[in-house]
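Working notes, beginning with the structure itself.
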Amino acid sequence: MSQLIVFDMEWNMGYQPKTFQYHGVEQVLRGEIIQIGAVKMEGQELRDTFQVTLRPRIFKKLHHQIAKVTGLTQQDINAGLPIAQGLREFMAWCGEDAVLGEWGKDDVPVLKQNLFLIGEDESWPRKWYDLQEVYTSQCPRREGENMGLESMVERLGIEKSQAFHDALADAVYTAKVMQHVDIAKGFAAYPDDEEQLRKILCPADRQRCDFISWKGFVDGEAWRKNAGIRTASCPDCGKTLIPDAKGVWLERGNNCLYSLESCDRHGPVMVWLRRSRTDGLHYRFARATERADKAAQAKWVRDKKAAAERARRKREQEAVRASLLGRNTG
């Protein structure tokens, strides 16, 4: 790879959520792009730059928090290029086969959503990297260290000549940070989506096995609906596991489900599911199993009891709110 596009974006958000249909599934719009800055790197050298301010068509009013962080004004975005024109100019500047890199994993999902909404090919870019991950693979995070871009610029002694949260300035700062690592080496060792999901679901300190993943889902709730994702086998004999008596799956955070199932020959097995969404439009799911010892079984009982209690309190609160609403409208 001879050329890398290091880019950064700022985007506006609404005071109310906005959804759109993507292949028949309702998706939540993360934000509407109002500024793009980018740098073309060849090897370790900065060769060219791109910047544009965009005029949004969905979130037309600049959110006060976005104005505060970026310094942009309503007049700035009103005077920007129409978003469709600006995005197409950015794509043309980058090129069809562009390889993009950003500091973190937030910008590409927003970019792809915005491309879809203007009728462009949302599969572009086809290859992109989290440059923070590339950097930390060679310069590991120190204990308690903030991995924000500004902290890295300070850590490396890079001159802070421009304000942060300006798209071009942040793209330039990111490119200068990447001059301190071997970019080609970092890309060669970069894990793909499946490898990243495996690392999260099957950490080295756990005895999880039978990892399997599925990609290309547009429905983020497919893991609750798709029996193929949920149906696991015993790690010892391969027989289909018997689900929890009530089919209970508990949540751990927003992207993990787990359940205690059993094999009639080898006993209890914990089944873990994990969800990831790397491009803003599609989901990947993964499953792994783990033999459940007595401690894991006892924890499952406690977790299930706690979840049932939370659900009971939520129902009571909703009933109270409904009662109050009925009184106010009666």
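Only this structure's heavy atoms are used, side chains among them; waters, hydrogens and symmetry mates stay out.
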Close side-chain approach of Tyr135 to Ile183, heavy-atom, < 4.5 Å: no
Has Glu133 got a side-chain atom pairing as donor or acceptor with Tyr190's backbone, closer than 3.5 angstrom? no
Quick check: does any side chain N or O of Thr231 sit under 3.5 Å from a backbone N or O of Gly228, one acting as donor and the other as acceptor? no
Of all heavy-atom pairs between Ala38 and Ile5, which one has the smallest distance, and what is that distance? CB-CG2, 4.0 Å
Salt bridge present between Lys314 and Glu309 (N-O < 4.0 angstrom): no
So, Arg277 side chain and Gly280 main chain: donor-acceptor pair closer than 3.5 Å or not? yes
Using side-chain heavy atoms (C-beta onward) and a distance below 4.5 Å, is Trp223 in contact with Leu257? yes
Note: Asp279 and Trp128 closest approach over all heavy atoms is CB-CH2, 3.9 Å
Given the rule that I, L, V, M, F, W and Y join up when any side-chain heavy atoms are under 4.5 Å apart, are Leu81 and Leu72 in one cluster? no
Carefully, step by step, assess Met147 and Gln132 under the rule side chain to side chain contact (heavy atoms under 4.5 Å, CB included). CA-CA 8 Å; Met147 293 305 297; Gln132 183 183 113; 4.0 Å; yes
Kindly say whether Lys60 contributes a backbone atom to a donor-acceptor pair with the side chain of Asn12 at under 3.5 angstrom? no
Check: Arg284/Ser213 side-chain N/O donor and acceptor closer than 3.5 Å: yes
Calculate, to the nearest 0.5 Å, the distance between atoms CE and CG belonging to Met91 and Leu87 respectively. 8.0 Å
Any carboxylate oxygen within less than 4.0 angstrom of a Lys/Arg side-chain nitrogen, looking at Lys112 and Glu122? no
Determine, stepwise, if the pair Thr49 / Leu168 fulfils side chain to side chain contact (heavy atoms under 4.5 Å, CB included). CA-CA 8 Å; Thr49 62; Leu168 179 58; 4.0 Å; yes
Closest approach of Ala167 and Gln35, non-hydrogen atoms and distance? N-OE1, 2.8 Å
Is Met9 reachable from Leu62 through a run of hydrophobic residues whose side-chain heavy atoms are each under 4.5 Å from the next? no
Pairwise side-chain contact, Arg224 with Ile229, heavy-atom cut-off 4.5 Å (strictly under): no
Assess whether salt bridge (Lys or Arg N to Asp or Glu O under 4.0 Å) is satisfied between Glu251 and Arg310, documenting all intermediate values. CA-CA 12 Å; Glu251 297 181 2; Arg310 288 194 298 271; over 6 Å; no
To the nearest 0.5 Å, tell me how far Cys94 SG sits from Phe50 CZ. 7.5 Å
Flag the pair Glu154 and Lys160 as a salt bridge only when some basic side-chain nitrogen lies within less than 4.0 angstrom of an acidic carboxylate oxygen. yes
Side-chain ion pair, Asp97 and Lys127, N-O less than 4.0 Å: no
Should Leu54 and Ile36 be marked as a side chain to side chain contact (heavy atoms under 4.5 Å, CB included) after you check the CA-CA gap, both sets of side-chain angles, and the distance that decides it? CA-CA 8 Å; Leu54 306 175; Ile36 302 173; 4.2 Å; yes
Check the side chains of Lys105 and Gln196 for a donor-acceptor pair under 3.5 angstrom, ignoring hydrogens and angles. yes
So, the side chain of Asn255 versus the backbone of Ser276: is there a donor-acceptor pair under 3.5 Å, distance only? no
Give the intermediate values and the outcome of side chain to side chain contact (heavy atoms under 4.5 Å, CB included) for residues Arg206 and Glu290. CA-CA 8 Å; Arg206 301 298 294 264; Glu290 187 174 22; 3.0 Å; yes
Heavy-atom side-chain proximity of Ile58 to Lys18 below 4.5 angstrom: yes
Distance in Å, Arg321 CZ paired with Gln317 CD, rounded so as to fall on 0.5 Å steps: 6.0 Å
Check: Val28 main-chain N/O paired with Gln113 side-chain donor or acceptor under 3.5 Å: yes
Is the backbone N or O of Ala222 less than 3.5 Å from a side-chain atom of Asn226, with the two atoms forming a donor-acceptor pair by type? no
Is there a donor-acceptor pair under 3.5 Å between the side chain of Arg274 and the backbone N or O of Arg287? no
Find out whether Ile34 and Phe59 are in side-chain contact, i.e. whether some heavy atom of one side chain is under 4.5 Å from a heavy atom of the other. no
Over all atoms of both residues, closest heavy-atom pair of Gly220 and Arg275: O-NH1, 2.9 Å
Under the side chain to side chain donor-acceptor pair (under 3.5 Å) test, which residues partner Asp76, sequence neighbours left out? Thr73
Quick one: sort the Tyr22 and Phe20 rings into parallel, tilted or perpendicular, breaks at 30° and 60°. perpendicular
Smallest heavy-atom separation, Thr289 atom then Pro235 atom, equals OG1-CB, 4.0 Å
Mind checking whether Met41 and Gln3 have side chains closer than 4.5 Å, heavy atoms only? no
Which class fits the ring pair Tyr173 and Phe164: parallel under 30°, tilted 30 to 60°, perpendicular over 60°? parallel
Between Val177 and Val153, is there a side-chain heavy-atom distance shorter than 4.5 Å? yes
Within this structure, what is the CG-CD distance for the pair Leu46 and Gln179, rounded to the nearest 0.5 Å? 5.5 Å
Could you walk me through whether Asp192 and Arg198 pass salt bridge (Lys or Arg N to Asp or Glu O under 4.0 Å), step by step? CA-CA 10 Å; Asp192 62 22; Arg198 182 192 294 270; over 6 Å; no
Quick one: does NZ or CZ of Lys40 land under 6.0 Å from the six-membered ring centre of Trp93, within 45 degrees of the ring axis? yes
When rounded to the nearest 0.5 Å, the distance separating CG of Asp107 from CG of Leu100 is 9.5 Å
For the pair Arg291 and Asp236, evaluate salt bridge (Lys or Arg N to Asp or Glu O under 4.0 Å) and give the outcome as yes or no after the intermediate values. CA-CA 9 Å; Arg291 294 171 184 84; Asp236 290 306; 2.8 Å; yes
Do the two ring centres, one from His23 and one from Phe217, sit under 6.0 Å apart? no
Lys/Arg cation over aromatic Trp272: Arg208, 6.0 Å, 45° cone: yes
Can you tell me how far CZ of Phe211 sits from CG of Leu201, rounded to the nearest 0.5 angstrom? 6.0 Å
Kindly list each side-chain donor-acceptor pair under 3.5 angstrom involving residues 259-270, sequence neighbours excluded, with atom names and distances?
from   : atom 1 : to     : atom 2 : distance (Å)
Ser259 : OG     : Val248 : O      : 2.7
Asp264 : OD1    : Lys239 : NZ     : 3.0
Asp264 : OD2    : Lys239 : NZ     : 3.1

Residue set satisfying side-chain contact (heavy atoms from CB on, under 4.5 Å) with Asn146, at least two apart, ordered chain then number -> Ser151
With distance as the sole test, does Asn114 use its side chain to make a donor-acceptor pair with the main-chain N or O of Gly31 at under 3.5 Å? yes
Using a strict threshold of under 4.0 Å (side-chain N to carboxylate O), is an ion pair present between Asp193 and Lys215? no
Please confirm whether the backbone N or O of Val110 pairs with a side-chain atom of Trp11, one donor and one acceptor, at under 3.5 Å? no
Is the shortest side-chain heavy-atom distance between Arg55 and Ile77 below 4.5 Å? no
Salt bridge present between Arg30 and Asp106 (N-O < 4.0 angstrom): no
Residue pair Thr70 / Glu10, side-chain donor-acceptor N/O under 3.5 Å: no
